[in-house]
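All chains are named by letter (A, B, ...) in the order of the sequence lines, taking the proteins before the strands, and each is independently numbered beginning at 1. Note that this is a predicted model, so its numbers are computed, not measured.
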Amino acid sequence: MAEAGSQKKLPLDALWRARTSKFGDFAGYDMPLQFEGLIPEHNWTRGHAGLFDVSHMGPSFFALPKGHALEGEAAHKKVASLIERLVPADIQGLKPGQVRYTMITNEDGGVLDDLMIARPAEPGAAGDLYIVVNAGCKHQDWASIEAATKGEANLVRADDRCLLALQGPSAHKAAAEIIDPALADMSFMTVKRYDAFGRITVTRSGYTGEDGYEILVRAENAPELAEKLLAHPEVKPIGLGARDSLRLEAGLCLYGHDLDPTTSPIEADLAWTIQKRRREAKDFPGAKRILREFELGPARKRVGIRPNDRAPAREGVEIFKDGQKIGVITSGGFSPVLNGPISMGYVEAAHAAPGRVVDLMIRGTPRSATIVPLPFVPHNYVRKGKT
Amino acid sequence: MSTRYTKDHEWVRLEGDVATVGITSYAAEQLGDVVYAELPAVGKSFAQGDDMAVVESAKTASDVYAPVSGEIVEANAEIAGENWQIINDAPQTGGWFVKLKVANKSELDSLMDEAAYADYVKGL
């Protein structure tokens, strides 16, 4: 999905090129794919901390028009009610500083994108939301948000800034030493702004299954922040290659692969992202199908799959039971932590129970595999910080 | 007989009428750590350019094509025994994939010699 022939360069392009030559196109951006090697980078992130440049993604601020008369909670409820026209999560119910994972759904109950919505806690930010969508979907997402809320709120793109992810068990140490000691006290899935490296917006969140942060920093302040983080003995640069193997081990969905306009949040095993108030109000796009599947169960389900031999089963591999096709792999590869192949895919609900043995048709040969619970590698989130 | 190379980064070395085949150092470096490889059974025949084997890294799966037509007479026991590390450590020696009984030696003439392959890789 490159834009009109020209690939976009990251603001930190020179900083990454000084460290690797392995780049590749992702959603029209020329992104670093690999530094010292996918497996060592993966293991470093699980054991220490990795710094990822994810500036291709779509951060934005969504706010009530300037001069709105609403205060505090009322302003939040208003702006949240606007974005709730597009997503099934309870955004009105966000506490100040809270972040929620949700999806933009279509009228058929399929997923158009998955995203994070945060409610900044700062007193001046009443009526603001911080929204981060996927790189490949951002233009479409922003257009649909604007179309659905025209004249009632403003969307300000922030993808000219840098979005850096610092992930791993040492992330809190490096972040506290280099940015602000208060970062170590944040709870997982919260947002906070800091007057450091210009003014940065930090969420304690990530896409690796590890503790960590995603930091929105202005392009002019990003080189100093990235260089300082990379100079920390616990931090190394990590490419998009390891980002994919880390998220797969963590059982997290990749949009366009594990989620698409035909899969519903219920099929994707993401019912937990639709809070009770919204289920009762039935007021989000695709509510009819999504709530029917919530009550009666979906026809197919996203599951974890472990091949019983060494052959990786990648996207597109078909899944069989007793000679009948029952599903397809949507993401698959190699798990450095388990030292073996892992996959995610969709299977008919009757075959989705962990422990079921199925066949994967790899290059024309059926190979045995077992349905397993997700994630493959336990999450390592800091659920309760001091703030 | 010197070593010949394909555009798909296989190497082939003929001794008598048996050719030893593997992937080049460049290919191994591009792939990264090999996590799986699948070799054809002894006795199977391939035409030049057929999918013959598979090599997978954490990143991707790649087909290995038969650089010349022939019948498999031996598969590398190290690789069959899941010592895939040898493909990264010694791609052009101990990490060979298979030995083929070559059907038509003139097919080797269509492949690059070492200097031509080095130039080809430089241009990638």
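Interface check for chain B: of the options A:D244, A:L38, A:L33, the most heavy-atom pairs under 4.5 Å are formed by A:L38. Put simply, of A:G241, A:G333, A:A311, the one with the most heavy-atom pairs under 4.5 Å next to chain B is A:A311.
For the ring pair (Phe, Tyr, Trp, His ring centres under 6.0 Å) test, no residue two or more places apart in sequence or in another chain qualifies with A:H232.
Note: B:E56 CD to A:I362 CD1 = 7.5 Å, rounded to the nearest 0.5 Å.
Of residues 57-72 of chain B, those residues with a non-hydrogen atom less than 4.5 Å from any non-hydrogen atom of chain A are, in numerical order, B:S57, B:A58, B:K59, B:T60, B:A61. Contacts with chain A (heavy atom to heavy atom, under 4.5 Å) involve these residues of residues 82-103 of chain B, listed by number: B:E82, B:W84. Of all residues spanning residues 113-124 of chain B, none has a heavy atom less than 4.5 Å away from chain A's heavy atoms.
Using a 4.5 Å cut-off between heavy atoms, A:R310 touches chain B through backbone and side chain atoms alike. With a 4.5 Å cut-off on non-hydrogen atoms, A:P341 does not touch chain B at all.
Sparse packing is recorded around NZ of B:K44, with 12 or fewer heavy atoms of other residues, nucleotides or ligands lying under 6.0 Å away.
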